[in-house]
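What you are looking at is a predicted structure, and each value in this text was computed from that prediction instead of being measured. The figures that follow rest on heavy atoms only: side chains count, while hydrogens, waters and symmetry mates do not. In the text below, chain A, chain B and the rest are named by the order of the sequence lines, each starting its count at 1.
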Number of protein chains: 2
Amino acid sequence: MISQDTIVALATPSGAGAIAVIRVSGKDAITICSPLFRSISGKELKKQKSHTIHLGHIIDEERVLDEVLVSIFKGSNSYTGEPTIEISCHGSTYIQQEIIQLLLRKGCRMADAGEFTLRAFLNGKLDLSQAEAVADLIASDSEASHQIAMQQMRGGFSNEIKKLRDELLNFASLIELELDFAEEDVEFADRTQFKELIARITNVLKRLIDSFAVGNVIKNGIPVAIVGEPNVGKSTLLNALLNEERAIVSDIAGTTRDTIEDEITIGGIGFRFIDTAGIRDTKDVVESIGIQKTFEKIEQAKVVIYLVDSSLLTPDSLKDLKTEIGKIKNKYPQKPLVIVANKVDKLEQNEIDHMVSEIENIHLLSAKSGLGVEELQNKLLDFVNTGALRNNETIVTNTRHYDALLKALEEIQKVQYGLDSGLSGDLMAIDIRQALYHFGEITGEISSDDLLGNIFANFCIGK
Amino acid sequence: MISQDTIVALATPSGAGAIAVIRVSGKDAITICSPLFRSISGKELKKQKSHTIHLGHIIDEERVLDEVLVSIFKGSNSYTGEPTIEISCHGSTYIQQEIIQLLLRKGCRMADAGEFTLRAFLNGKLDLSQAEAVADLIASDSEASHQIAMQQMRGGFSNEIKKLRDELLNFASLIELELDFAEEDVEFADRTQFKELIARITNVLKRLIDSFAVGNVIKNGIPVAIVGEPNVGKSTLLNALLNEERAIVSDIAGTTRDTIEDEITIGGIGFRFIDTAGIRDTKDVVESIGIQKTFEKIEQAKVVIYLVDSSLLTPDSLKDLKTEIGKIKNKYPQKPLVIVANKVDKLEQNEIDHMVSEIENIHLLSAKSGLGVEELQNKLLDFVNTGALRNNETIVTNTRHYDALLKALEEIQKVQYGLDSGLSGDLMAIDIRQALYHFGEITGEISSDDLLGNIFANFCIGK
């Protein structure tokens with residue numbers, strides 16, 4: 001897997017900008033770039049110190065391609081752990097292409113997706129979970145997903161796993177040592193301490209496994225289905241919910257062509273609002289397909305908001321509303337449901353009182369005046385278990401880690417059972433080895449070419 | 001116009017990528033960034049040497065925003081001529097925003113479009129025409145437009161103008177000196193040498209003004225109208241014309257919604273192919289609108305290609321074709337027109353012979369087999385006067401420069417007339433001053449806030 005050749009790629013987003021950065025890494029990076037760079041100072045690039053910046057021109061034979069700044073990283077003091085050159089050129093796509101083409105002609109190879117980070121991993125600059133966090137960090141679009149990725153990249157998660165693994169490894173060695181002295185019936189591994197360690201590992205694994213539920217939704221945004229007919233004020237509600245300071249609103253095309261999702265950040269957490277039609281009784285075939293879709297979306301959502309225009313509520317429609325709410329509650333008794341009465345600013349107090357008495361826990365809101373908006377934001381945040389986030393605890397967001405943790409827990413529970421039932425050391429040693437294997441999978445101490453290929457294929461080129 | 005505050009902007013294209021670069025420039029750039037950066041080495045950023053790179057974290061209070069590389073440029077040794085910090089962070093849009101927000105809170109101001117380059121100009125790092133070339137360089141998308149912008153950025157154009165201006169200024173001083181000694185009737189300025197200089201300036205100005213015709217089309221791509229019915233093989237023709245090595249094909253929306261332009265680079269020159277319908281006689285209103293549009297596009301084009309599917313030519317349609325060609329030649333006698341017979345691979349030799357005898361200068365082509373493709377590329381290139389480009393002569397691409405050159409020429413011609421007719425020195429001095437003024441406009445020795453505002457508003461933010 002470790003290749004020694006020199007790779008090149010555009011590291012900045014594609015397209016035109018003020019500047020673009022082209023990254024070259026590999027044992028020949030400096031040797032290849034040095035003759036292509038004519039420094040203003042007249043000094044050769046390869047004679048410059050590591051971590052310095054130089055102004056000059058990139059020259060293709062006698063043709064000047066661009067005036068650039070070149071950064072030089074020598075030895076293993078770079079992101080990849082290899083000699084690295086970063087060329088900061090003018091951000092025209094033409095110039096980017098020309099410089100990359102020149103480097104390819106001079107012996108570089110186009111980097112594969114994630115290959116710079118793969119090399120950082122292979123050269124011991126990052127462990128595997130840290131390397132995976134780099135991709136998450138780049139994809140992060142809310143405070144929460146950023147915090148989790150940052151913590152993982154800084155080694156929070158790996159350190160916790162590594163510490164447990166080391167302790168377990170220590171016991172494993174002692175138990176395996178016992179096997180060598182099997183006839184003497186000695187116990188090098190203190191069984192009480194060992195039980196205590198297994199209990200501790202079980203706790204940590206369970207906590208990490210549980211954190212995946214919240215981690216996964218934070219990474220992908222929490223899906224919220226909004227049930228409501230057109231014109232009940234969905235878009236004004238979304239605008240009102242927007243956290244003014246740091247709002248990201250975007251339209252992302254959903255799985256079906258007619259589904260539009262709005263993404264909003266509330267309290268640093270991304271929420272994906274999925275618009276659905278109502279679910280009233282109908283004999284119309286087309287409408288009943290719509291209702292079917294509404295149910296599907298409710299199914300996928302973590303929270304359901306049922307939005308009504310309270311200014312249009314008549315005694316009849318209030319009855320219909322109660323029926324519909326009943327249906328949803330019946331079908332999804334576990335799904336958090338918030339009934340939101342919008343436009344309450346248009347109502348008289350007695351009308352409000354009547355509505356509140358008729359419909360349990362109805363949330364009064366005026367998107368226009370801002371009444372009830374903050375309360376709704378807090379309700380939504382309450383549905384996310386943000387405790388772990390606030391306490392800066394490790395949160396698992398990666399399905400691969402989640403799988404490895406589940407497998408490790410399974411093995412640890414076998415060890416636990418073995419300890420409780422006085423299983424022989426040689427059998428227990430096998431289970432411990434298996435658990436160690438799954439721990440190692442997370443940090444990359446155990447890895448295969450296939451696994452690495454899969455992980456880094458999801459990176460962008462240039463990282 | 002010169003502001004001393006510290007500006008910040010994203011310098012790399014917007015969107016997510018492996019890395020992004022945030023640029024901070026101004027007298028407080030280092031003071032503002034230093035406390036926000038926690039170096040891995042533990043050393044304070046502001047104590048580091050200029051042109052060095054440092055690994056560490058950007059910290060907002062106690063929150064770690066990202067692991068970054070920071071480049072430091074001290075004193076006037078930077079692009080802008082001011083203390084500058086470049087932060088190379090992970091390329092998530094969230095991180096970019098967070099770091100920029102932090103810098104804004106700590107006293108930076110969001111940079112205006114082109115403000116970094118404006119500062120470079122105001123601090124004497126670039127003259128005005130060089131600064132303008134930076135925007136052209138970033139926008140350049142072909143070898144030719146890149147070469148022209150690069151030459152202008154490296155001062156080729158300014159040096160030529162400055163040299164002439166200095167010589168003219170010298171004579172202007174001598175003539176004005178004569179005015180002080182008017183009663184003594186002396187001549188400090190040698191009239192023969194002066195005439196020779198004016199002739200030289202006239203030549204250079206005329207050459208530069210003439211170069212604008214080619215410069216302008218090179219900068220914007222040479223418009224080529226393709227006349228032809230659907231299915232005559234337009235897209236296979238375009239694909240065949242593509243220079244394999246370095247082709248850029250893109251769809252750019254034209255001025256009208258139904259016009260699609262294909263841009264192709266041939267021999268380093270960009271060509272914009274504008275698709276049009278045919279122009280055959282019709283009484284149909286809708287079709288006659290189409291014909292009107294075809295004529296409009298022919299009007300805008302520099303070259304017209306009339307493309308026919310030769311395998312479908314019958315004696316009748318050959319007659320129609322001759323009529324249509326006649327119409328175009330009548331209406332646009334000056335416009336270069338190439339009649340291209342596509343799919344000649346499907347014809348027998350006697351059919352080809354007949355076609356060639358019937359239609360003058362018909363270009364035989366098989367997009368499929370490649371026959372006649374290179375010849376067509378060369379024909380297209382011949383329509384562009386690439387001589388100046390090949391000889392690396394200065395080519396004017398900027399309308400502002402073109403206007404200033406025209407005005408300067410007008411004044412120089414007045415001076416010429418004054419010299420020929422023995423005009424008095426004081427009147428001639430006024431014309432020379434005017435010519436000098438227009439020269440100075442190009443390089444920015446003469447500039448106004450309005451002018452600078454206009455020029456730099458067309459830049460991207462971050463440059």
Side-chain angles (χ1 to χ4, degrees), chain A residues 9-21 23 49-55 57 63-67 69 71-73 77 79 86 88 90-95 97-98 101 116-117 134 137-143 145-147 149-151 153-154 245-246 248 459-463, chain B residues 9-21 23 49-55 57 63-67 69 71-73 77 79 86 88 90-95 97-98 101 116-117 134 137-143 145-147 149-151 153-154 245-246 248 459-463:
Chain A
L10 182 70
T12 44
S14 60
I19 64 167
V21 178
R23 192 181 258 176
K49 280 189 198 153
S50 185
H51 288 65
T52 55
I53 307 163
H54 307 278
L55 178 64
H57 294 96
R63 186 171 163 234
V64 177
L65 290 188
D66 197 11
E67 185 178 280
L69 280 177
S71 303
I72 182 166
F73 302 86
N77 289 316
Y79 177 69
E86 285 186 3
S88 173
H90 284 94
S92 113
T93 49
Y94 176 78
I95 290 176
Q97 283 178 15
E98 287 292 299
Q101 294 287 343
F116 292 94
T117 307
V134 172
L137 193 64
I138 291 173
S140 70
D141 57 5
S142 72
E143 190 177 337
S145 57
H146 168 257
Q147 180 187 325
M150 197 70 213
Q151 203 210 30
M153 201 187 72
R154 298 185 72 202
E245 274 179 73
R246 189 168 298 145
I248 299 166
F459 274 60
C460 52
I461 305 267
K463 192 66 219 182
Chain B
L10 182 69
T12 43
S14 61
I19 64 166
V21 177
R23 191 181 260 175
K49 282 191 197 150
S50 185
H51 288 66
T52 55
I53 307 163
H54 307 278
L55 178 64
H57 293 95
R63 187 171 161 233
V64 177
L65 290 188
D66 197 11
E67 185 177 278
L69 280 178
S71 304
I72 181 166
F73 302 86
N77 289 317
Y79 178 69
E86 286 187 3
S88 172
H90 284 95
S92 114
T93 49
Y94 176 79
I95 290 176
Q97 282 176 18
E98 288 292 299
Q101 295 285 344
F116 291 94
T117 308
V134 172
L137 193 64
I138 291 172
S140 71
D141 57 5
S142 71
E143 190 177 336
S145 58
H146 168 258
Q147 180 187 327
M150 198 68 213
Q151 204 210 30
M153 202 187 72
R154 298 185 73 202
E245 272 178 73
R246 189 168 300 145
I248 299 165
F459 275 60
C460 53
I461 305 267
K463 191 70 217 180

Got a second to check how far [X]'s [atom1] is from [Y]'s [atom2], nearest 0.5 Å?
{"X": "A:Phe73", "Y": "A:Lys49", "atom1": "CZ", "atom2": "NZ", "result": "15.5 Å"}
{"X": "B:Met150", "Y": "B:Glu143", "atom1": "CE", "atom2": "CD", "result": "13.5 Å"}
{"X": "B:His90", "Y": "A:Met153", "atom1": "NE2", "atom2": "CE", "result": "4.5 Å"}

Q: Say whether, by atom type as modelled, one donor and one acceptor occur between the side chain of B:Ser92 and the main chain of B:Tyr94 under 3.5 angstrom.
A: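 Here the side-chain-to-backbone pair exists.
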Q: Identify the two heavy atoms, one from B:Leu137 and one from B:Ser140, that lie closest to each other, and give their separation to 0.1 Å.
A: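 Heavy atoms of B:Leu137 and B:Ser140 come nearest at O-OG, 2.8 Å.
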Q. Which heavy atom in B:Ser14 sits nearest to a heavy atom in B:Leu10, and how many Å separate them?
A.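 In terms of heavy atoms, the two residues are closest at CA-CD2, 4.0 Å.
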Where does [X] contact chain B at under 4.5 Å (heavy atoms): side chain, backbone, both or neither?
{"X": "A:Leu69", "answer": "side chain"}
{"X": "A:Ile95", "answer": "side chain"}
{"X": "A:Val21", "answer": "side chain"}
{"X": "A:Phe116", "answer": "neither"}
{"X": "A:Asn77", "answer": "neither"}

Q: Report yes or no: do A:Tyr79 and A:Thr117 form a side-chain donor-acceptor pair below 3.5 Å?
A: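 Judged by distance alone, the side chains do pair up.
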Q: Heavy atoms only, distances under 4.5 angstrom: which of B:Ile72, B:Val134, B:Thr93, B:Leu65 has the most pairs with chain A? Name it, please.
A: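 With the most close heavy-atom pairs to chain A, the winner is B:Leu65.
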Q: Could you tell me which of A:Pro13, A:Ala20, A:Ala9 has the largest number of non-hydrogen atom pairs under 4.5 Å with chain B?
A: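 Max contact count across the listed options: A:Pro13.
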Q: Name the member of A:His54, A:His57, A:Arg23 that forms the most heavy-atom pairs with chain B at distances under 4.5 Å.
A: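 Top option by heavy-atom pairs under 4.5 Å: A:His57.
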Q. Does any heavy atom of chain A fall under 4.5 Å from the side chain of B:Glu67, the backbone, both, or neither of them?
A.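 Contact with chain A is through both the backbone and side chain of B:Glu67.
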